[in-house]
Amino acid sequence: MKKRIFALLLCLVCALSLGGCQPEQIDYDTSPLSFETVFDDTPGNPDKPDQPEDFAFHVSHHPPAYRVRTYDFEEDTICKGAFYILSPEDSYEIEELPPEKGIIKKDGVEVKINNPNDATALHIGMVHQHFKLVECFTVLDNIILGVEPNKLGFLQKAEARKKVMALSEKYGLRVDPDALVSDISVGMQQRVEILKMLYRDNEILIFDEPTAVLTPQEIDELMEIMRGFKKEGKSILFITHKLNEIMAVADRCTVLRKGKYVGVTDIAHTTKEELSRMMVGRDVQLEIEKAPAKPGEVILDVKGVTIPSSTHKKNAVKDVSFQVRAGEIVCLAGIEGNGQTEFVYGLTGLEKVSSGSISFCGKDITHASIRERSKEGMSHIPEDRHKHGLVLDYTLENNMVLQRYWQPDFQSHGFIRKDKVREYSDRLIDQYDVRSGQGSSTIVRSMSGGNQQKAIIAREIDRDPKLLVAVQPTRGLDVGAIEYIHRQIVAQRDAGKAVLLVSLELDEVMNLSDRILVMYEGEVVGEFDPKTTTVQELGLYMAGARKQGKGE
């Protein structure tokens, strides 16, 4: 917990500023939505923005120490009552790096942040992408955890309840304080996280990818709550790579690329295309171009599959049936935690199926091993690339042949043919633009998340699979990497392969899919054509508000 709180400070520092382009002129006298920023790439440009009188947080430049990844801090400010966006290329790397240089000022006074308690004392709070809640505790217990009011050592819950309910009413964050966190929805859990910040009287609110697990309706609700915080004078730092959200709510956006500050821009005077260019360093095609699907024979046939849950007595997947044909992309959509992960585990052999059958190219593989499924032509881009996709302490070349090292191309009489492995790895690195410091001999742990994902995709696609199972293939990646991965998936479909896509990103679901299946509480509750449905309609099914009958 302490490490994560420290990480929030780190995100804030990295978000506020880094070297590279410097703002030539910012007019702080106008409203937050009318900043006019002109970027000047000239090295050593002496022009600096005037310091606003009413600001919440400020970072000054100090040269960084040389190391593998450096974050070059320039000068920047978060103003009170303003909404700022950080659009990082690799925000997860940023969170892990401790600050080494620089000055942090809050309310005009230089401050030292040495531990999480210092951050709390400075009224800095954060809603993490993956919520930090104790599931067996009540909502109230989670909100006050760590700052429990007491008198002579006795917990004063009545006093805490009164404050929580007052905050809940004031900000429209209605919760049941006595409900167990394990029994409430993901959207409600996020409200609890926000109330944790408000209970501590935080003035600087950091939201790290807060919409990743929400329905469209819950996202709209969250945005409205954030706008209310802004009107009250709180400062909001919103870490995201989703361009639509940036354009919808931000006053100002700071962009990071490869550990460097690219620039800061006024959202009122920019476009999604300009932002994506700043994030990637080139023009990015935001819309996916693909020809109409031409479905062929059935490749995957799932009938009545049920999979038990590893965390509770209920089944995680309940009587799921569908087909995937050659030459089409079928997407399994839904809010995280509704059985998609368990279904993929059952499909790929990572978990056992308790009932039902899975047929692959006409062959029953319900109880087949992972290698047998792989040899039959099933490729898997896993949700967790570190846990199921890579051996982090292996070299890149060894990871490239994880599923093929035993084949004659790569071994002879039980000995690995290292020259052939290196040759194969070098070809994939070049073909799929996998960037690593030492090429094939690079230790995978040292690579960025985007390039780790590219390596997995290169390995899985090069096997020429009949079925590609792609789970959250673009999670946490910048728009450039997303564009590349989408092209590869569409290319597989156009080559006559079957693709099963599992995604929480609704833009990805709508743009990439030929058919959409929505899962809720382990069941398929609806099937849709992306050409005739809307994000709002999908959101209702994802939240369990609607369910199609079997005849629909």
Side-chain angles (χ1 to χ4, degrees), residues 1-12 54 56-57 78 80-81 95 104-208 210 221-222 224-226 228-237:
M1 182 65 183
K2 289 185 177 180
K3 290 182 178 178
R4 294 297 295 172
I5 294 177
F6 184 76
L8 75 86
L9 301 173
L10 185 48
C11 288
L12 180 58
D54 188 20
F57 214 80
I78 285 186
K80 290 183 178 178
E95 292 177 12
I104 301 174
K105 292 182 179 180
K106 184 175 184 293
D107 296 325
V109 179
E110 182 178 340
V111 295
K112 298 291 185 182
I113 303 174
N114 299 313
N115 56 59
N117 291 333
D118 292 343
T120 301
L122 290 169
H123 302 293
I124 301 171
M126 181 173 183
V127 174
H128 298 263
Q129 180 177 358
H130 302 289
F131 305 141
K132 303 299 176 183
L133 299 173
V134 182
E135 292 200 350
C136 59
F137 280 17
T138 66
V139 167
L140 179 61
D141 290 338
N142 271 279
I143 292 172
I144 66 174
L145 187 62
V147 288
E148 300 88 344
N150 68 86
K151 185 178 292 184
L152 300 175
F154 291 95
L155 182 62
Q156 302 296 307
K157 267 197 176 182
E159 179 184 331
R161 178 187 295 271
K162 185 177 179 180
K163 181 176 179 179
V164 168
M165 296 311 294
L167 290 169
S168 173
E169 188 68 29
K170 178 179 179 180
Y171 293 102
L173 296 165
R174 291 177 175 80
V175 295
D176 178 0
D178 299 314
L180 291 176
V181 167
S182 59
D183 295 335
I184 62 178
S185 69
V186 174
M188 196 64 67
Q189 288 180 31
Q190 188 169 74
R191 289 186 180 190
V192 176
E193 287 279 18
I194 295 173
L195 283 169
K196 281 171 62 179
M197 288 198 298
L198 297 175
Y199 184 83
R200 289 156 177 78
D201 300 318
N202 289 321
E203 300 166 354
I204 299 172
L205 312 180
I206 304 175
F207 292 82
D208 180 12
E221 185 178 288
L222 175 64
E224 198 57 42
I225 290 169
M226 287 180 170
F229 292 155
K230 171 187 166 182
K231 290 179 182 177
E232 195 176 275
K234 295 185 183 297
S235 306
I236 300 173
L237 179 64

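All residue numbers in this chain count up from 1 along the given sequence. No experiment lies behind these values; they were computed from the predicted model shown.
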> Taking only residues two or more places apart in sequence, or in another chain, which ones meet Asp201 in a side-chain contact (heavy atoms from CB on, under 4.5 Å)?
Replying inline: His123, Lys163
> Rounded to the nearest 0.5 Å, how far does CE of Met126 lie from CG of Leu205?
Replying inline: 12.0 Å
>> Students often mix this up, so state it plainly: with edges at 30° and 60°, are the rings of Tyr171 and Phe229 parallel, tilted or perpendicular?
In response: perpendicular
> What is the distance from atom CG of Leu145 to atom OH of Tyr199, rounded to the nearest 0.5 Å?
Replying inline: 11.0 Å
>> Let me confirm one number: the CD-CD distance from Gln190 to Glu221, rounded to the nearest 0.5 Å.
In response: 9.5 Å
> If you round to the nearest 0.5 Å, how far is OG1 of Thr138 from CZ of Arg161?
Replying inline: 8.0 Å
> Does any non-hydrogen side-chain atom of Leu222 lie less than 4.5 Å from one of Ile194?
Replying inline: yes
> Just by distance, do the side chain of Ser168 and the backbone of Leu173 share a donor-acceptor pair under 3.5 Å?
Replying inline: yes
> Taking atom CD of Glu193 and atom CG of Asp208, what is their separation to the nearest 0.5 Å?
Replying inline: 11.0 Å
> What is the distance from atom CG of Leu195 to atom CZ of Arg174, rounded to the nearest 0.5 Å?
Replying inline: 11.5 Å
> salt bridge (charged side-chain N to carboxylate O under 4.0 Å, His left out): which pairs involve residues 140-156, sequence neighbours left out?
Replying inline: Asp141-Lys157
> Hey, is the main chain of Ile143 close enough, under 3.5 Å, to the side chain of Arg200 for a donor-acceptor pair?
Replying inline: yes
> So, do Lys234 and Leu198 sit near enough that their side-chain heavy atoms are less than 4.5 Å apart?
Replying inline: yes
> side-chain contact (heavy atoms from CB on, under 4.5 Å) with Gln189: which residues, sequence neighbours excluded?
Replying inline: Phe131, Leu133, Val181, Ile184
> Between Ile124 and Ile206, is any pair of side-chain heavy atoms under 4.5 Å apart?
Replying inline: yes
> Tell me, do Lys112 and Asp118 make a side-chain contact under 4.5 Å, heavy atoms counted?
Replying inline: no
